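What follows is a set of notes on a single structure, which appears directly below.
Just follow the structure's listing: the first ligand is 1, and inside any ligand the first atom is 1. Remember, it's a predicted structure, so these values are computed and weren't measured experimentally.
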Amino acid sequence: MCGIVGFVGKHQAAPILLDGLARLEYRGYDSAGLAIRNGEEPAEVVKSKGRLKILAEKTDNGNSLVGNCGIGHTRWATHGEPSKTNAHPHVSGNCTGSGSGEVESEVVGVHNGIIENFKELKEKLLKHGYAFYSQTDTEVVVKLVDYYYKKYNTDPADAIAKTMVRVRGSYALCMMFKSHPGEIWVARKDSPMIIGVSNGETFVASDVPAILKYTRNVYYIGNMEIARLTPGEVTFFNLDGDVIEKKLTEIKWDAKSAEKGGFEHFMMKEIHEQPKAVSDTIASVVKDGRIELENIGLDEEAIKNISHIYIVACGSAYHTGVVTQYVIEDLAKIPVRVELASEFRYRKPLLDKNGLVIVVSQSGETADTLAALRLAKEKGIKTLAIVNVVGSSIAREADNVFYTLAGPEIAVATTKAYSTQLIAGYLLAIQFALVRGQIDEEKYSLLITELGTIPKKIEKILEDKERIQWFVAKQANAQDVFFIGRGIDYAVCLEGSLKMKEISYVHSEAYAAGELKHGTISLIEDGTLVIGVLTQGELYEKTVSNMVEVKSRGAYLMGLTSYGHYEIEDTANFTVYIPKTDEHFSASLSVIPLQLMGYYLSVSRGLDVDKPRNLAKSVTVE
Ligand code: M6R
């Protein structure tokens with residue numbers, strides 16, 4: 001979604017804002033804009049359609065905009081087409097494009113989120129003489145703040161509070177008032193925003209990477225809260241205008257972790273960070289060979305009392321849920337249901353009161369997942385969040401949090417967060433299995449030891465990545481690709497197919513191998529690439545049969561299996577082998593070649609790997 005950055009301090013604001021926005025470009029990038037204030041002077045607003053570099057060129061990398069206080073925005077259009085007019089910041093005056101509207105405006109603001117009742121509010125403002133120059137909901141909010149500010153001759157906190165009571169939807173709002181120089185005002189409901197301070201300077205951003213270079217000391221602004229930012233200081237208010245005290249939190253992420261570190265793309269860097277991310281996540285709960293879950297509300301009694309598990313998530317996080325379902329049901333014998341958050345939230349689910357709802361999210365801000373979490377809480381069901389971003393909305397609202405230690409993930413296509421979510425699922429499954437008497441101590445130790453070997457095995461697969469690159473180069477013109485497998489292999493196919501679609505724009509489908517005959521097989525033509533994933537011993541022969549079926553209809557076959565299954569070469573045209581592991585954990589290895597395939601296909605087609613079209617990293621609106 002959109003990215004917001006704000007700064008007030010000693011340095012020139014615009015270069016800092018552009019730098020922060022560049023680190024948020026993965027959130028949305030059809031247009032961008034800045035509003036900068038130089039002392040008492042009114043805000044100077046500069047906007048452009050397209051990538052951030054256009055705005056950077058227009059402003060000489062921000063150097064042409066003088067002033068130490070400003071707000072910036074990268075837009076991912078929701079209301080109104082991508083255009084310079086619809087780009088943020090928006091102003092409360094009549095923006096003529098000549099700059100006079102900005103000069104007259106009391107309020108200038110940027111926004112992330114969606115204002116659901118913007119039409120009704122626009123009608124109201126039209127009646128009060130306001131004119132609108134854009135099609136955005138943001139312009140409506142900015143003008144509403146201006147309306148209350150002037151009508152009640154009040155202060156910014158009160159005008160913003162009155163606006164928050166009137167608007168429905170989600171928002172992270174960042175504004176400057178002409179009559180309050182050197183101040184930035186922010187407000188938040190259901191959209192991410194953090195505030196950082198360092199050395200007499202204050203920063204605000206939609207996400208941590210934007211400010212990590214400058215500070216790791218942050219405040220989390222809560223839902224329905226307002227804050228005033230001045231150099232090095234932040235004051236928080238509730239809707240009644242009362243001051244709220246907040247604690248400063250230190251973010252542990254290293255600034256370097258949000259840089260490309262010599263790789264051409266963040267995605268490739270993040271693929272290579274998987275061994276460490278996996279090993280850190282294991283080490284966070286495994287102490288002296290035992291899994292410790294007490295800190296996340298899962299002591300023995302709580303584990304024994306779980307009647308059902310409901311895993312709810314979106315996209316790749318949902319795919320890890322599908323893997324986890326197989327593993328928990330097989331090891332711990334607890335019934336598990338996996339649901340897409342966008343479906344779960346509206347389908348009036350019947351949940352057992354002794355159930356456990358596990359929501360999975362890298363960002364911790366995905367709107368549907370957050371709504372699903374709230375629904376589970378409303379129903380009085382215990383909730384656990386598997387989340388990567390510390391202090392995110394989901395992390396704050398869940399009863400307990402299992403943090404994955406993937407570090408900042410910048411590429412839109414998830415890789416290392418996916419891998420750590422799998423690990424979290426395995427760890428829960430193993431501990432649940434022991435506590436519920438489904439495995440003995442010996443098996444418990446074996447599984448934990450095997451888990452510890454996963455990082456090295458991922459490294460081994462990565463050592464041979466050029467072989468996959470070579471194969472993919474020959475497939476650069478593929479039109480349709482099918483991924484087939486059974487059980488956990490099917491779950492991995494879902495992820496392999498998504499990786500291919502989202503960054504290579506190649507149509508692909510994941511199919512449970514046994515389902516092919518029920519319709520999809522009619523799509524197979526001469527040369528159609530079909531990738532069979534076969535890591536589950538009991539299902540191996542069955543998937544081979546399905547591969548033979550498609551081969552006889554012209555498919556070109558790739559097999560992905562463990563070392564030792566060399567007879568696959570009698571069937572497949574090309575084979576990728578992964579190290580052997582306990583079959584419950586095979587997804588952690590088989591996904592790596594599929595991530596690499598998506599990556600190399602995207603590169604070979606000359607696409608923007610890290611920022612695929614139409615997609616945003618965190619989907620903070622419905
Ligand atoms: O931040 P979340 O894990 O909640 O995001 C969920 C999905 O939007 C995400 O996994 C998406 O599918 C990825 N782009 C896939 O690579």
Closest protein heavy atom (residue, atom, distance) for atom 8 (O) of ligand 1: V619 CG2, 4.2 Å
Geometric class of the H111/Y171 ring pair [parallel <30°, tilted 30-60°, perpendicular >60°]: tilted
Per-atom contacts of ligand 1 with K499, taking only distances under 4.0 Å to non-hydrogen atoms: 15 (C), 16 (O)
Heavy-atom proximity to atom 10 (O) of ligand 1, best of A367, A413, S363, S316: S316
is_close_aromatic(Y511, F483), centroid dist under 6.0 Å: no
Plane angle bin for F574 and W470 - parallel if under 30°, tilted between 30 and 60°, otherwise perpendicular: tilted
Option whose closest heavy atom lies nearest to atom 14 (N) of ligand 1, chosen from L498, V412, T415, I386: V412
Minimum non-hydrogen distance to atom 6 (C) of ligand 1, winning option of C314, A341, A313: C314
Y505 six-ring centre to R613 NZ/CZ under 6.0 Å and within 45° of normal: yes
Among F263, F266, Y599, the one residue meeting ring-ring contact (aromatic ring centres under 6.0 Å, His included) with H272: F263
Nearest-contact summary for atom 16 (O) of ligand 1 - protein heavy atom, Å: E502 OE2, 2.5 Å
Nearest neighbour in protein (non-hydrogen) for atom 4 (O) of ligand 1: T366 OG1, 2.4 Å
Residue part near ligand 1, for E365, under 4.0 Å between non-hydrogen atoms: neither
Output field: ring centroids Y326/H584 closer than 6.0 Å: no
Sub-4.0 Å atoms of ligand 1 with respect to non-hydrogen atoms of Q362: 1 (O), 2 (P), 3 (O), 4 (O)
Where ligand 1 meets A317 - atom numbers and elements under 4.0 angstrom, heavy-atom basis: 3 (O), 10 (O)
Exam field: side chain E365 to backbone I394, donor-acceptor pair closer than 3.5 Å: no
